[in-house]
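Each chain gets a letter, A, B and so on, in the order its sequence line appears, and its residues count up from 1. Excluded from the calculations below are hydrogen atoms, water molecules and symmetry mates; all remaining heavy atoms, backbone and side chain alike, are included.
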Amino acid sequence: MPEKINQPAGPAGKEERSLNFLEEIIENDLKSGKYKSIVTRFPPEPNGYLHLGHATTICLNFGLTKTYPGYTNLRFDDTNPVTEETEYVESIKEDVKWLGFEWKNERYASDYFDQLFEYAIKLIDKGLAYVDDSTSEEMAALKGSPTEPGRDSVFRSRTIGENKDLFVRMKNGEFPDGSRTLRAKIDMAHTNMLMRDPILYRIKHAHHHRTGDKWCIYPMYDFAHGQSDSIEEITHSICTLEFVPHRELYDWLIEKLEIYPSRQYEFARKNINYTVMSKRKLLQLVTEKHVQGWDDPRMPTITGLRRRGYTAESIRDFCERAGIAKRENIADIGLLEFCVREHLNKIALRRMVVFDPLKIVITNYTGGGEVLHSENNPEDPQGGVREIPFSNEIYIERDDFMENPSKKYFRLAPGQMVRLKSAYIIKCEEVIKDADGNITQLNCTYIPDSKSGNDTSGINVKGTLHWVSLKTAISVEIREYDRLFKVEDPTDEEGDFKEYLNPDSLKIVSTALAEPSLAKAKFDDRYQFIRKGYFCLDKDTSASRVIFNRTVTLKDGWAKETKKG
RNA sequence: UGACCCAUGGUGUAAUGGUAACACAACUGAUUUUGGUUCAGUCAUUUAUGGUUCGAAUCCAUAUGGGUCAACCA
């Protein structure tokens with residue numbers, strides 16, 4: 001019978017959660033005594049930046065060894081020197097750390113090149129591998145197809161001695177790229193194409209980011225990954241569904257090499273709607289400048305999400321809630337947004353920023369102004385308060401006024417009253433327009449005894465608006481991000497996926513005015529601009545320009561209401 | 001005209017032969033100095049057909065639908 005594991009669900013208490021299929025396998029392995037502890041690994045290829053799909057894998061592999069005894073290695077699968085770079089190694093390490101995980105050992109498949117070479121010799125000695133001089137075209141022609149068996153290469157019958165001599169000479173650099181390969185001798189008629197004498201080694205006279213020019217032959221994925229797992233005594237080697245057919249070869253090689261029997265398990269990768277998640281496509285967006293870089297806040301990369309203001313906690317929470325299974329799926333980006341809102345609601349400092357300012361003069365407010373106080377976070381009683389200056393000239397949001405309001409509109413309108421957040425109730429007395437009929441200013445009166453926290457006016461108003469005082473407001477730039485694509489699954493549409501990019505995925509607001517406390521905004525702080533959304537300082541901020549990224553909007557019930565018409 | 005994998009509300013996951021559930025989304029309402037938050041509630045699910053069984057989402061068969069496999073990529 002499956003058992004429930006107790007997962008601490010915050011300080012409040014424990015929550016019961018059912019097991020996913022991998023946890024179930026592991027519990028059974030632990031219970032049966034097959035293993036006393038487990039070893040997993042996260043095996044990225046250093047040829048791109050990590051994205052949300054990797055986050056699922058990272059949370060899974062590292063999460064498993066948090067729940068169960070054991071540890072997780074970080075292993076770079078660097079067997080193709082042509083596409084791999086140190087830049088990517090560094091970014092991957094930074095992203096994993098930022099997500100909140102620690103690896104036990106930092107390893108590289110290239111650490112094992114000597115061992116792998118010995119394994120290849122062993123296979124040759126057992127008559128289970130041969131050197132093939134066929135070109136890739138010839139090899140493809142002999143490979144058959146999923147529905148037709150392949151045929152043996154003429155080189156398949158070489159002697160062990162001949163194979164060994166040739167393989168050593170391949171290693172010694174005697175042959176040009178592409179001229180020969182080492183192949184496993186399995187079965188050219190196998191129903192699994194991967195078992196039709198798969199290539200184990202190919203010749204590439206290329207500089208490797210770690211081994212330099214030591215090697216000119218490099219192992220293929222199938223002859224490196226499983227063997228690396230085995231060398232590290234990985235107990236549960238977890239990968240995505242497209243590797244299911246590789247498992248047969250994975251097991252065959254372990255058996256023939258007589259090495260530690262790591263086991264491969266596959267789960268369905270997490271796709272997310274309104275974005276793309278393949279390294280190739282993300283790279284295209286970067287190189288063709290559809291976005292500004294790997295860390296563009298619209299990118300589903302870890303670095304992009306970080307710059308956008310997503311917290312590691314919210315991403316981990318998303319992975320946990322989305323769960324894992326074996327069926328193809330497309331998760332709703334709305335769930336990620338829910339997770340980040342939930343976290344940010346607890347930690348974000350409340351501030352007031354007017355994006356599209358409309359001037360208000362409070363005609364009966366005399367004197368130079370005063371300093372009011374407002375809570376930093378209503379969700380956090382210990383969060384304290386900040387000072388906000390108030391005066392007779394302020395700005396409100398242009399959409400917070402409507403000359404001819406509908407019945408359900410409870411913001412400012414001629415003759416109507418609203419509260420200014422943490423300040424007074426005001427009433428709109430007069431609308432001032434320019435020659436073209438555009439509203440340029442509102443003249444209002446305020447209710448002196450309605451001061452926030454001290455309201456003896458007895459007046460109840462439905463709407464509360466954010467505002468900034470004219471003289472003390474600071475100018476800031478706001479970058480509002482929206483989904484990168486306008487369709488749920490851009491790869492499933494006709495034509496090129498880039499035709500479905502959302503042209504409005506970035507909107508820059510340069511007219512915004514912020515309360516003065518934001519002049520001291522910090523990179524690590526998260527902000528909620530009241531009634532607007534969650535924001536964080538962008539790295540492009542300079543002494544002359546303060547820039548905020550919108551992480552996510554607030555849930556907007558009014559927008560829904562207005563859409564209903 | 002092959003092999004392998006998969007199929008549960010709109011979405012993502014549970015239920016491991018014994019009352020189909022949780023979260024998100026959506027929708028009502030209450031509270032609210034953020035049309036936010038919070039709270040209460042509503043809606044909605046086993047691809048199909050057979051079989052085994054007292055009893056099937058679960059086991060078996062067939063069908064259907066989706067996915068993967070013919071890089072010297074991983």
Side-chain angles (χ1 to χ4, degrees), chain A residues 1-2 17-21 24 43-45 47 77-80 82-84 132 134-136 139-141 143-150 177-183 190-194 196 199-204 218 220-222 224-225 239 241-248 266 268 270 273 279-280 321-332 334-339 341-342 345-346 350 352 374-375 378-379 408-411 418-423 425 450 452-453 455 460-466 528-533 553-562:
Chain A
M1 283 297 284
R17 214 197 88 221
S18 57
L19 266 29
N20 65 45
F21 77 99
E24 213 169 286
E45 183 188 11
N47 68 348
D77 231 333
D78 56 350
T79 57
N80 186 0
V82 179
T83 56
E84 295 153 4
D132 194 330
S134 305
T135 63
S136 59
M139 231 181 263
K143 189 132 192 190
S145 75
T147 53
E148 302 162 64
D177 287 6
S179 60
R180 286 181 164 85
T181 57
L182 182 74
R183 303 177 73 180
H190 205 288
T191 54
N192 181 350
M193 298 284 290
L194 282 155
R196 321 244 259 229
I199 294 174
L200 268 19
Y201 267 94
R202 76 284 214 193
I203 302 171
K204 271 182 199 276
Y218 292 94
M220 297 286 288
Y221 168 84
D222 288 301
H225 198 106
C239 61
L241 249 30
E242 69 267 33
F243 292 97
V244 169
H246 291 252
R247 190 175 61 235
E248 197 170 9
E266 310 86 11
K270 199 56 68 188
N273 59 10
K279 276 194 263 188
R280 209 191 96 254
R321 285 172 186 265
I324 64 144
K326 291 186 79 158
R327 63 173 153 163
E328 303 272 340
N329 61 84
I330 303 180
D332 189 350
L335 181 61
L336 213 212
E337 292 173 346
F338 166 83
C339 292
R341 282 191 187 107
E342 187 180 59
N345 179 47
K346 290 193 198 109
R350 271 50 172 183
M352 292 198 282
S374 189
E375 73 279 4
E379 305 296 316
K408 284 183 173 172
Y409 188 83
F410 49 83
R411 303 177 188 178
V418 290
R419 171 169 294 281
L420 296 173
K421 171 71 182 171
S422 297
I425 292 173
S450 67
S452 186
D455 186 351
N460 270 320
V461 292
K462 203 104 198 265
T464 299
L465 307 185
H466 61 283
Q528 183 198 103
F529 295 168
I530 291 177
R531 305 206 303 135
K532 284 302 202 177
T553 60
L554 253 25
K555 230 164 67 179
D556 190 348
W558 175 243
K560 262 181 214 164
E561 192 62 40
T562 50

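- One atom, CD of A:Glu148, and another, C1' of B:rA3, lie 14 Å apart when rounded to the nearest Å.
- Residue contacts shown for A:Ile324 are limited to sugar-phosphate atoms, with no base heavy atom under 4.0 Å away.
- Minimum atom distance to the side chain of A:Arg350 is reached by B:rU34, of the listed B:rC4, B:rC6, B:rU34.
- Within the nucleic acid shown, A:Glu328 comes within 4.0 Å of sugar-phosphate atoms alone, with no base atom in reach, counting heavy atoms only.
- In the set B:rC6, B:rG36, B:rC72, the nucleotide with an atom closest to the side chain of A:Met139 is B:rC72.
- Using cut-offs of 30° and 60° for the angle between ring planes, the A:Tyr221 and A:His246 rings count as perpendicular.
- The partner of B:rG10 is B:rC24, judged by Watson-Crick or G-U wobble contacts that both fall below 3.5 Å.
- Heavy atoms of A:Gly463 sit nowhere under 4.0 angstrom from any nucleic acid atom.
- A distance cut-off of 5.5 Å between ring centres, combined with a plane angle under 30°, leaves A:Tyr221 outside any stacking arrangement with the base of B:rA74.
- The side chain to side chain contact (heavy atoms under 4.5 Å, CB included) test with A:Arg341 singles out one residue from A:Thr553, A:Leu554, A:Leu336, and that residue is A:Thr553.
- For the P atoms, the distance linking B:rG41 with B:rU34 amounts to 24 Å, nearest Å.
- Distance A:Arg341 CZ to B:rG35 C1': 14 Å, rounded to the nearest Å.
- No contact: A:Lys532 has no heavy atom under 4.0 Å from any strand.
- As rounded to the nearest Å, B:rU62 and B:rA20 have P atoms that lie 29 Å from one another.
- If you check every strand for non-hydrogen atoms under 4.0 Å, A:Leu335 touches sugar and phosphate atoms only.
- Side-chain atoms of A:Arg419 come within donor-acceptor range of the base of B:rU33, with a qualifying N/O pair under 3.5 Å.
- At a threshold of 4.0 angstrom between heavy atoms, the contacts of A:Asn192 with the nucleic acid are absent.
- OP1 or OP2 of B:rC73 lies within a sub-4.0 Å distance of a side-chain N or O belonging to A:Lys204.
- Residue A:Arg247 places no side-chain N or O under 4.0 Å from the OP1 or OP2 atom of B:rC4.
- Checking the phosphate oxygens (OP1, OP2) of B:rG12, no side-chain nitrogen or oxygen of A:Arg321 falls inside 4.0 Å.
- A:Glu375 has a carboxylate O that lies under 4.0 Å from a charged side-chain N of A:Lys421, or vice versa, which qualifies the two as a salt bridge.
- Residue contacts for A:Phe529: at a heavy-atom cut-off of 4.0 Å it reaches no nucleic acid atom on any strand shown.
- Side-chain atoms of A:Ser452 come within donor-acceptor range of the base of B:rU33, with a qualifying N/O pair under 3.5 Å.
- Protein atom CE of A:Met193 is 7 Å distant from nucleotide atom C1' of B:rC69, rounded to whole Å.
- Side-chain nitrogen and oxygen atoms of A:Asn329 include at least one within less than 4.0 Å of the OP1 or OP2 phosphate oxygen of B:rU13.
- Atom name P, nucleotides B:rG12 and B:rU46: the rounded distance is 16 Å, in whole Å.
- Using a 4.0 Å heavy-atom cutoff across all strands shown, A:Phe410 reaches at least one base atom of the nucleic acid.
- If you take atom C1' in B:rA48 and the same atom in B:rU11, they sit 23 Å apart, rounded to whole Å.
- For the pair A:Glu375 CD and B:rG36 P, the interatomic distance rounds to 16 Å; values are reported in whole Å.
- Residue A:Phe243 is in base contact, counting any heavy-atom pair closer than 4.0 Å across all strands shown.
- Using the Watson-Crick or G-U wobble rule with both distances under 3.5 Å, B:rA48 pairs with B:rU62.
- Separation of the C1' atoms belonging to B:rG17 and B:rA23 is 27 Å when rounded to the nearest angstrom.
- Using atom C1' as the reference point in both B:rA25 and B:rU42, the two lie 14 Å apart (nearest Å).
- The pairing partner recorded for B:rC73 is none, the criterion being a Watson-Crick or G-U wobble arrangement whose two distances lie under 3.5 angstrom.
- Among the atoms of the strands shown, none is found under 4.0 Å from any heavy atom of A:Glu248.
- Using a 4.0 Å heavy-atom criterion, one finds that A:Ile330 contacts the sugar-phosphate atoms exclusively.
- Contact annotation: A:Lys143 side-chain N/O to B:rA71 OP1/OP2 distance is not under 4.0 Å.
- At a threshold of 4.0 angstrom between heavy atoms, the contacts of A:Arg411 include nucleobase atoms, whether or not backbone atoms are also involved.
- Base-pair partner of B:rA56: not found among the strands shown (Watson-Crick or G-U wobble, both distances under 3.5 Å).
- In this entry B:rU68 has B:rA3 as its Watson-Crick or G-U wobble partner, both defining distances falling under 3.5 Å.
- Considering only side-chain N and O atoms, A:Lys346 lies nowhere under 4.0 angstrom from the phosphate OP1 or OP2 of B:rU37.
- Between A:Lys555 and B:rU37 there is a side-chain polar atom (N or O) within less than 4.0 angstrom of OP1 or OP2.
- Within the 4.0 angstrom heavy-atom criterion, no nucleotide atom of any strand lies near A:Pro44.
- Separating the C1' atom of B:rA21 from that of B:rU58 is a span of 15 Å, rounded to the nearest Å.
- Distance check on atom C1': B:rA14 versus B:rC22 gives 7 Å, rounded to whole Å.
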